[in-house]
There are 2 protein chains.
Amino acid sequence: MNLEQELGRLREYLRIKPLYWDQDRGEFVWLDTRLIPFEEVYRRTRDYSRVAKAIRDMEIRGAPAIGVAAAFGMALAALYNNAGDEEELIAHLEKARRELASTRPTAFNLFWALDRVMARVESERSRGFDKIVDGVLDEALRIYIEDIKNNIMIGRHGSKLIEENDTILTHCNTGALATAGFGTALGVIRYAWYEGKNIRVITTETRPVLQGARLNVWELKKEGIPFKLIVDSAVGIVFRQNLANKAIVGADRIILTGHVANKIGTYVVALSAWHNNKPFYVAAPTSTIQPVNDPSAIVIEERSHDEIRKIMGKYPLTLDGVDAYNPAFDVTPPELISGIITERGVAEKPFKETLTAIINHR
Amino acid sequence: MNLEQELGRLREYLRIKPLYWDQDRGEFVWLDTRLIPFEEVYRRTRDYSRVAKAIRDMEIRGAPAIGVAAAFGMALAALYNNAGDEEELIAHLEKARRELASTRPTAFNLFWALDRVMARVESERSRGFDKIVDGVLDEALRIYIEDIKNNIMIGRHGSKLIEENDTILTHCNTGALATAGFGTALGVIRYAWYEGKNIRVITTETRPVLQGARLNVWELKKEGIPFKLIVDSAVGIVFRQNLANKAIVGADRIILTGHVANKIGTYVVALSAWHNNKPFYVAAPTSTIQPVNDPSAIVIEERSHDEIRKIMGKYPLTLDGVDAYNPAFDVTPPELISGIITERGVAEKPFKETLTAIINHR
């Protein structure tokens with residue numbers, strides 16, 4: 001693919017570049033989101049293990065961004081290795097896939113992207129070493145460009161649900177910093193804003209990692225979209241007092257029943273909207289949809305207790321060694337969800353039918 | 001009243017002394033809860049304005065503690081002033097009442113305690129200057145001792161709702177540090193623990209001021225009650241996963257309809273419990289009950305945006321000057337509440353009847 005040409009077409013939507021492929025140097029580059037909004041530091045590597053570490057440590061986070069980064073991790077594994085022949089190369093890629101797959105268990109896009117890269121490897125296998133290497137990089141670039149395009153389409157479909165003077169509550173960061181660029185739920189908000197709609201945003205701070213207070217604040221300020229920051233537990237009163245009239249969030253994994261795994265607290269956002277008769281939308285690319293019907297298939301990641309005990313890894317807010325429970329995600333049941341916005345349109349209830357139709361129709 | 005004798009009777013329940021009257025020095029003394037759990041610093045004063053500041057700045061917080069502290073503030077105003085006669089004294093007390101009443105708008109106990117002290121002033125008025133002064137101090141001491149006794153009775157009634165092997169979710173601090181001693185919702189948990197029940201606690205961290213992460217952790221560790229700390233937004237998954245089987249919280253203001261104003265986030269705790277068929281209890285003394293039927297009478301305090309922008313007043317977690325919305329409380333509607341535990345028993349639905357009976361029956 002012609003990367004420059006593709007990116008040129010998307011330029012007006014790419015005001016923030018959270019991660020990209022440096023073709024001249026053959027390196028993967030990403031913004032370290034842990035330092036946002038205080039510092040804007042790009043990091044770069046040729047080592048796929050460094051990409052795995054960046055995902056594990058949440059330098060790169062957000063299900064779509066994780067998927068794209070993992071694909072580029074595979075490209076690095078293909079480009080830089082000691083393999084002497086196709087078999088050694090494929091063994092090396094399998095090893096890289098395992099390491100990258102072990103970083104975060106909930107984001108479905110991670111497994112989707114790794115499977116897609118390995119399917120490409122399979123299809124190039126008979127064509128020889130160089131074709132496999134080229135194929136992996138090409139597939140990673142395709143996944144990258146598609147993610148941006150999908151986000152823009154999600155924005156286009158989702159913006160139809162946004163009305164003039166809406167105040168939209170969102171939770172966690174689902175913007176450019178959670179994707180290859182543009183964003184999913186925050187992409188819908190961004191798209192509506194670019195269309196000239198007069199909207200406002202209320203963002204939660206999103207404890208423990210503060211994706212709202214750090215990343216949403218940074219993105220919303222850059223766009224000039226008016227917003228207010230709230231603590232996570234204020235989502236109830238915000239809907240009760242009619243200070244927000246709809247909610248849009250992203251997703252880390254969606255199954256065909258419409259159960260949505262997303263950042264811890266999404267379930268209480270949905271409950272709060274539902275109890276006050278406000279629509280609650282989920283925005284995600286179809287790469288987030290796991291084609292199964294059993295909610296118990298959704299793995300919920302538990303992260304370090306230090307994320308709760310300390311703010312940003314350094315400021316203690318309780319006693320050392322306090323026991324905690326730190327699930328990174330929760331599952332919102334379909335009855336609380338008004339619609340699921342994908343790049344192929346908005347799925348409504350019954351989700352089993354509409355989501356199945358969406359993933360089967362290309 | 002004989003303070004020493006009264007306190008002696010309550011000794012076994014008073015393992016933490018959050019505030020008290022120093023009879024020898026005629027001073028009001030309190031633990032600065034802003035520094036808990038890192039430092040245990042008692043502060044003391046003879047200046048009622050200093051008490052007002054301590055309430056406003058949340059050195060003293062929790063509706064019952066605020067009420068008791070305000071009463072002691074009035075005692076200081078009565079003891080230390082330049083009044084030449086009864087009229088000047090009463091004018092001075094009226095001024096002190098206004099200043100103390102202006103500190104926090106939601107906690108009903110504050111107004112209840114100030115009204116009670118001023119009613120005592122009225123009843124002593126004809127007996128002369130010294131009787132008024134003695135009366136104010138005596139009334140403050142009565143309010144103090146009654147609060148502890150009421151907490152113990154709340155614990156006794158509430159503990160009947162606690163079963164062996166319960167895991168109880170609580171939000172904000174409602175323990176000794178929120179009262180004259182012992183606690184309301186955390187008092188119920190404490191009472192059940194003293195009775196030997198094998199229970200566990202899940203406490204939210206309670207952003208923005210972290211009463212859970214700081215104060216509950218400190219109290220629960222002192223008691224040896226096993227607990228886990230969660231971020232506020234995890235209340236949904238905790239009930240969904242059956243990790244807690246009931247919730248108990250305190251209240252800053254309850255009206256006769258059963259609408260309960262309490263720490264921001266209480267409403268989403270109640271919604272989360274209710275959506276998962278778990279009982280949700282409120283524990284508070286009758287001094288928290290405002291005898292009105294109109295929820296619009298409940299004033300919701302909005303506090304400084306810096307509480308959200310910075311942790312513990314110092315560690316920044318977002319950009320300077322970010323606009324926020326920081327309501328300190330929300331209102332939980334009665335349909336989500338299983339019972340309201342008072343020192344006179346547990347009120348169940350319909351609350352209008354049961355709460356009216358409770359406040360009219362002494």
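Just so you know, these numbers come straight off a predicted model, no measurement behind them.
Looking at A:Tyr325, both its backbone and its side chain come within 4.5 Å of chain B, counting heavy atoms on both sides. With a 4.5 Å cut-off on non-hydrogen atoms, A:Pro327 touches chain B through its side chain but not through its backbone. The contact between A:Lys221 and chain B is made entirely by side chain atoms (from C-beta outward), counting heavy-atom distances below 4.5 Å. Within the 4.5 angstrom heavy-atom criterion, atoms from both the backbone and the side chain of B:Val231 approach chain A. For B:Ile36, no part lies under 4.5 angstrom from a heavy atom of chain A. In this structure, no portion of A:Leu220 lies under 4.5 Å from any heavy atom of chain B. Residue A:Val269: no heavy atom, backbone or side chain, is found under 4.5 Å from chain B. Heavy-atom distances place the side chain of A:Gln241, and not its backbone, under 4.5 Å from chain B. Only the side chain of A:Ile311 has a heavy atom closer than 4.5 Å to any heavy atom of chain B.
Chain A is approached within less than 4.5 Å, heavy atom to heavy atom, by B:Glu205, B:Arg207, B:Pro208, B:Leu210, B:Ala213, B:Arg214 from residues 199-214 of chain B, ordered by number.
Here the straight-line distance linking atom CD1 of A:Ile237 with atom CZ of B:Phe329 works out to 10.5 Å at 0.5 Å rounding. Taken from CG in A:Leu271 to OH in B:Tyr267, the straight-line distance is 9.0 Å, to the nearest 0.5 Å. The line from CZ of B:Phe38 to CG of A:Leu317 is 6.5 Å long, rounded to the nearest 0.5 Å.
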With side-chain contact (heavy atoms from CB on, under 4.5 Å) as the test, would you mind laying out the steps for B:Val322 and A:Phe227 before giving the verdict? CA-CA 9 Å; B:Val322 160; A:Phe227 70 93; 3.7 Å; yes

Applying side-chain contact (heavy atoms from CB on, under 4.5 Å), run through B:Asp323 and A:Leu229 and close with a yes or a no. CA-CA 6 Å; B:Asp323 195 17; A:Leu229 179 65; over 6 Å; no

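The number of heavy atoms from other shown groups lying within 6.0 Å of CG (B:Asn165) is above 12.
Side chain of A:Ser233 to main chain of B:Asp232: no donor-acceptor pair is present (N/O by atom type, distance under 3.5 Å, no hydrogens or angles).
For the residue pair A:Pro333 and B:Arg240, the shortest heavy atom distance occurs at CB-NH2, 3.5 Å. Of all non-hydrogen atoms in B:Ser272 and A:Val268, the two that sit nearest each other are OG-CG1, 3.3 Å.
A search for ring-ring contact (aromatic ring centres under 6.0 Å, His included) contacts involving A:Tyr315 returns B:Tyr315, not counting sequence neighbours.
In terms of non-hydrogen atom pairs under 4.5 Å with chain B, the most contact-rich of A:Met312, A:Glu307, A:His171 is A:Met312.
In this structure the side chain of A:His305 never reaches within 4.5 angstrom of the side chain of B:Lys228, judged on heavy atoms.
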